Amino acid sequence: MDYFDERLSIEDIGKFKPDTDAYDWAARKMGIAPKECMLVAAHGWDIAGAIWANWRGAFISRPGAQLYPLADKPEINESNLNLVAEKLIAMK
């Protein structure tokens, strides 16, 4: 765990994403407000859940992946992780 502060798993809470309780629990566990959290993922349903829980989102639109059409759009939407990383670094 040299590179990570914590390992979070739905096994610890017993609720599955995109249930907003899972995201709320993760933010509480890390001691930060939901608006300070950002989920980076290639799963549209996961980004939707994070946004519904008042998190920020960065979507990696890999081939075949798509955003959930009934959710707000994430602030970052790029075709690969390198492009997402560049945008994240620029935000710092």
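Since the model is a prediction, treat every value here as computed from it, not as a measurement.
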Nearest 0.5 angstrom please: [X] [atom1] to [Y] [atom2], how far?
X	Y	atom1	atom2	value
Lys17	Tyr23	NZ	OH	5.0 Å
Ile60	Ser79	CD1	OG	10.0 Å
Ser61	Ile76	OG	CD1	12.0 Å

Take Val40 and Leu88, measure what side-chain contact (heavy atoms from CB on, under 4.5 Å) needs, and give me the verdict at the end.
CA-CA 10 Å; Val40 178; Leu88 292 172; 4.2 Å; yes

Cluster membership besides Tyr68, Ile/Leu/Val/Met/Phe/Trp/Tyr side chains within less than 4.5 angstrom, sorted by chain and number, is Trp52, Leu70

Under a side-chain separation threshold of 4.5 Å, the hydrophobic residues clustered together with Trp45 are none

For [X] against [Y], the heavy-atom pair lying closest together:
X	Y	value
Thr20	Gly49	CG2-O, 4.1 Å
Trp25	Ser9	CH2-O, 3.6 Å
Ala71	Ala48	CB-CB, 3.5 Å
Pro34	Ala53	CB-O, 3.4 Å
Trp55	Cys37	CD2-CB, 3.2 Å
Asp21	Ile13	O-CD1, 3.6 Å

| task | Evaluate side-chain contact (heavy atoms from CB on, under 4.5 Å) for Arg62 paired with Asn80, printing each intermediate quantity in order. | result | CA-CA 6 Å; Arg62 298 185 310 194; Asn80 65 60; over 6 Å; no

side-chain contact (heavy atoms from CB on, under 4.5 Å) test vs His43 passes for just one of Ile47, Asp46, Leu39, namely Asp46

### Message
Do Leu83 and Glu86 have side chains that approach each other closer than 4.5 Å (heavy atoms only, starting at C-beta)?
### Response
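A side-chain contact under 4.5 Å exists here.
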
Salt bridge (charged side-chain N to carboxylate O under 4.0 Å, His left out) pairs touching residues 63-85, sequence neighbours excluded, are Arg56-Glu75, Glu78-Lys87

*What do the steps show when you test Lys15 against Ile10 for side-chain contact (heavy atoms from CB on, under 4.5 Å), and what is the final call?*
CA-CA 6 Å; Lys15 291 192 177 183; Ile10 56 95; over 6 Å; no

- Task: Find out if a path of hydrophobic residues (ILVMFWY) with successive side-chain heavy-atom gaps under 4.5 Å connects Leu81 to Met38.
- Result: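 Linked, Leu81 and Met38 end up in one cluster.
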
